[in-house]
Structures are given as structure tokens and as C-alpha cells.
Amino acid sequence: MAAKRTGISADLIIHPGETLFDVLEERKMTQAELALMTGVSPAYINQIIKGKKNISMKFAFALERALGVPKSFWINLQTHYDMEKLEYEQEHMPDEDTEYHQRKTAI
């Protein structure tokens with residue numbers, strides 16, 4: 001198995017939806033209000049906040065217009081989340097060569 005590079009915990013990988021939730025809370029804004037301002041459904045906002053949907057480039061532009069938070073902020077949050085999640089998954093999944101060798105040896 002490959003050696004761990006970062007040792008990051010899954011609990012420390014924060015989806016951008018959590019930040020969006022914090023911004024809404026700080027501004028005392030509802031998900032429905034943000035949905036109206038960005039032209040998406042409240043369900044879409046909720047899916048992002050729950051981490052079930054990602055922040056797309058298009059939605060980052062809409063967030064900038066609605067909240068005044070730069071689109072680059074949202075895009076960077078999403079990109080870093082995606083990188084950390086991928087790195088975590090690669091570090092915690094068996095190496096294909098090792099897994100193949102273990103199966104061959106067990107036969």
C-alpha cells in the first residue's frame with residue numbers, strides 16, 4: 001500500500017456548502033432568498049449546503065452577483081475541496097498493484 005502523503009482526516013475536508021451556509025447565517029439570509037437572487041431553486045441551494053452538489057462556475061458567478069463574494073473565492077473553495085477529497089480517497093484506497101498481487105497470492 002502506498003505511503004500516506006498528507007495524513008489528512010476526512011473530517012477536515014470541508015465542502016464549500018458549509019461556507020455558503022455560514023455566509024447565509026451571518027447575513028441572516030434564507031436559502032429561499034438566495035435561490036431567488038441567483039435564479040436557482042431552493043432545493044438546489046439546499047443540496048449544495050448539504051454537500052450533495054458542487055459549486056459550478058456558473059453558480060459561482062451568480063453567488064458573486066448575489067452576495068458580493070468574488071467568484072474566485074467560491075471556485076477556489078470547490079477546487080481545493082475536490083483536490084483534498086481525491087487525495088484522501090487515493091491515500092485510503094488499496095493500490096491496484098498491491099490488491100492484484102494479494103489476490104494472486106491467495107489463489
Side-chain angles (χ1 to χ4, degrees):
M1 184 159 145
K4 289 185 180 181
R5 293 182 300 266
T6 63
I8 191 167
S9 168
D11 296 335
L12 298 177
I13 302 172
I14 308 298
H15 188 275
E18 290 186 46
T19 303
L20 180 57
F21 177 80
D22 292 341
V23 169
L24 293 180
E25 223 176 38
E26 182 180 294
R27 295 175 184 215
K28 296 179 180 17
M29 183 184 290
T30 67
Q31 293 178 32
E33 290 170 329
L34 180 63
L36 201 59
M37 295 171 73
T38 56
V40 299
S41 71
Y44 184 80
I45 302 290
N46 190 261
Q47 293 291 305
I48 290 173
I49 286 173
K50 288 183 176 181
K52 294 182 179 180
K53 285 202 179 284
N54 292 330
I55 293 179
S56 67
M57 297 274 189
K58 184 177 178 179
F59 190 62
F61 274 75
L63 287 173
E64 180 177 63
R65 285 190 307 273
L67 302 173
V69 178
K71 60 188 164 286
S72 60
F73 174 79
W74 300 108
I75 293 165
N76 285 334
L77 275 182
Q78 186 64 56
T79 300
H80 285 284
Y81 170 79
D82 293 342
M83 286 188 317
E84 289 173 349
K85 184 177 173 197
L86 179 61
E87 189 171 308
Y88 177 84
E89 288 169 354
Q90 288 181 343
E91 288 177 0
H92 292 85
M93 293 178 78
D95 181 22
E96 288 180 14
D97 292 335
T98 303
E99 191 174 284
Y100 174 78
H101 178 69
Q102 288 172 347
R103 281 196 309 260
K104 283 294 261 185
T105 307
I107 295 178

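- Rounding to the nearest 0.5 Å places NE2 of His80 at 11.5 Å from CD1 of Ile75.
- Linking Ile, Leu, Val, Met, Phe, Trp and Tyr whenever their side-chain heavy atoms come within less than 4.5 Å leaves Leu36 and Leu67 in two separate clusters.
- Atoms NZ and CG, from Lys71 and Asn76 in turn, are 11.5 Å apart once rounded to the nearest 0.5 Å.
- Distance check: Thr79 OG1 to Asn54 CG gives 10.0 Å after rounding to the nearest 0.5 Å.
- For the pair Glu33 and Lys28, the tightest heavy-atom approach, listed with the atom from each and the gap, is OE1-O, 4.1 Å.
- Contacts classified as side chain to side chain donor-acceptor pair (under 3.5 Å) and involving residues 39-50 (residues at least two apart or in different chains) are given here: Gln31-Asn46, Asn46-Lys50.
- Phe59 and Ile14 are not part of a single hydrophobic cluster, where members link through side-chain heavy atoms under 4.5 Å apart.
- No more than 12 heavy atoms of other residues, nucleotides or ligands shown are found within 6.0 angstrom of CD on Glu26.
- When all heavy atoms of Thr38 and Ala66 are compared, the closest pair comes out as CG2-CB, 3.7 Å.
- Applying the side-chain contact (heavy atoms from CB on, under 4.5 Å) rule to Arg65 yields the partners Phe61, Ala62; only residues at least two apart in sequence or on another chain are considered.
- Cluster annotation: Val69 and Phe21 are assigned to the same hydrophobic cluster (Ile/Leu/Val/Met/Phe/Trp/Tyr, side-chain heavy-atom contacts under 4.5 Å, transitive).
- In this structure, CD in Glu87 is found 10.0 Å from NE2 in His92, a value given to the nearest 0.5 Å.
- Under the 4.5 Å side-chain contact rule for hydrophobic residues, Trp74 and Tyr81 do not share a cluster.
- Put simply, NE2 on His15 and CD1 on Ile49 are 10.5 Å apart, with the number rounded to the nearest 0.5 Å.
- Closest of all the heavy-atom pairs between Pro42 and Ala35 is N-CB, 3.5 Å.
- Transitive grouping of hydrophobic side chains (ILVMFWY, heavy atoms separated by less than 4.5 Å) keeps Ile48 and Ile13 in distinct clusters.
- When every heavy atom of Leu63 is checked against every heavy atom of Leu20, the shortest pair comes out as CD2-CD1, 3.9 Å.
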